[in-house]
Amino acid sequence: VGELLDGGFTLIRRYPKATLGLTAIVMLAVQLVHVLATYLLLHGITDDASSAARHGLNLSSSSDYDVRATISQGLVAAISLLAGLIVTGLMGTVVAQGVLGRPLSVGEAWRRTRTTLLRLLGVSVLVFLILAAVELVGAVPGIITYVASGSYAGLPVLVLGILAATVVAAWLAISLQLASPVVVLEKASVWTAMRRSRELVRGSWWRVFGLVLLSSIIASVIAQFINQQTSE
């Protein structure tokens, strides 16, 4: 774990433009889209919606506000997903060349990454659908029992089914954790990348899980610290 973390920070120090610089550019674009979408879709109707919520009047404005807010959030979510894929591809490319002592310019990193974006999107969508299907399958017995009995008798079945499905989904999520890096580093297809990820994680599931969890905690702490400093 120490070697992996040290390698990550060393790479950032060695190639700040290709790591922090590229990430900052992508996230700046996301924030600009967020601001523009919020302004264009919600500007001028927020007060009407607030008034409707307080006084029960002007319900059409309130409904219009809800629709526009949903569209804005959906647009931002889609752009954030695309940004995440771009950052994943860029960092994978930079890491692959960095360990070989071949620094990349911003333009070169983008040229190497853009050819993998569709496959990265395919991996993300497919993994999401697989995990969602597992959760749905776990919930179905409880839902059927509830509908058939017409009482809360199906609730324990539903809870147990969801818990079991969550365990399976967590195992699958970690097993497929390396699919995106495989797409970038090995230029693999979607199915090949997912199969390759399972092969790489096999026998090291708990170690990969620990690394993912630790990385998430570190990122969360840093993000919270930055937010606190910004608010102050």
| query | How many angstroms lie between CZ in Arg14 and CZ in Phe9, if you round to the nearest 0.5 Å? | reply | 15.0 Å
| What is the ring orientation for Phe209 with Trp206, classed by angle as parallel under 30°, tilted 30 to 60°, or perpendicular over 60°? | perpendicular
| Min side-chain heavy-atom separation Leu178-Arg196 under 4.5 Å | no
| query | If Ile, Leu, Val, Met, Phe, Trp and Tyr residues are connected whenever their side-chain heavy atoms lie under 4.5 Å apart, and connections chain through other members, are Leu160 and Val137 in the same group? | reply | no
| said: Ignoring hydrogens and geometry beyond distance, is a side-chain donor-acceptor pair present between Thr166 and Glu135 at under 3.5 Å? | reply: yes
| Of the options Leu28, Val87, Ile12, which is the one that meets Thr23 in a side-chain contact (heavy atoms from CB on, under 4.5 Å)? | Val87
| From Met27 atom CE to Gln31 atom CD, the distance as rounded to the nearest 0.5 Å | 6.5 Å
| said: Taking atom CG as the centre, does Leu213 end up with more than 12 heavy-atom neighbours from other residues, nucleotides or ligands that are less than 6.0 angstrom away? | reply: yes
| query | Can you check whether Val123 reaches Leu85 side chain to side chain, under 4.5 Å on heavy atoms? | reply | no
| message | To the nearest 0.5 Å, what is the distance between CD on Gln73 and NE2 on His34? | response | 8.0 Å
| message | With a 4.5 Å cut-off on side-chain heavy-atom distances among I, L, V, M, F, W and Y, is there a chain of contacts connecting Leu120 to Ile130? | response | yes
| 4.5 Å side-chain heavy-atom contact, Val184 and Arg119 | no
| request: Give, for atom CZ of Arg112 and atom CG of Leu90, the distance between the pair rounded to the nearest 0.5 Å. | output: 12.5 Å
| query | With side chains defined as the heavy atoms from C-beta onward, is the minimum distance between Trp110 and Ile86 less than 4.5 Å? | reply | yes
| Do Thr116 and Thr113 come close enough that some side-chain heavy atom pair is under 4.5 Å? | yes
| query | How many angstroms lie between CD1 in Ile222 and CD1 in Ile217, if you round to the nearest 0.5 Å? | reply | 12.0 Å
| task | Step by step, work out the side chain to side chain donor-acceptor pair (under 3.5 Å) result for Thr88 and Ser180. | result | CA-CA 7 Å; Thr88 298; Ser180 293; 5.7 Å; no
| message | With clusters defined by side-chain heavy atoms of hydrophobic residues (ILVMFWY) lying less than 4.5 Å apart, directly or transitively, does Leu176 cluster with Val167? | response | no
| Just how far is it from atom CG of Leu121 to atom CG of Leu126, taken to the nearest 0.5 Å? | 11.0 Å
| task | Answer whether the closest heavy-atom distance between the side chains of Met194 and Val190 falls below 4.5 Å. | result | yes
| Is Trp191 reachable from Val201 through a run of hydrophobic residues whose side-chain heavy atoms are each under 4.5 Å from the next? | yes
| message | Are Ile143 and Leu158 packed together at the side-chain level, in the sense that at least one heavy-atom pair is separated by less than 4.5 angstrom? | response | yes
| Side-chain heavy atoms under 4.5 angstrom apart, residues restricted to Ile, Leu, Val, Met, Phe, Trp, Tyr: same cluster for Leu163 and Val140? | no
| task | Taking all heavy atoms of Ala188 and all of Ala193, pick out the closest pair and write down the distance. | result | CB-N, 4.1 Å
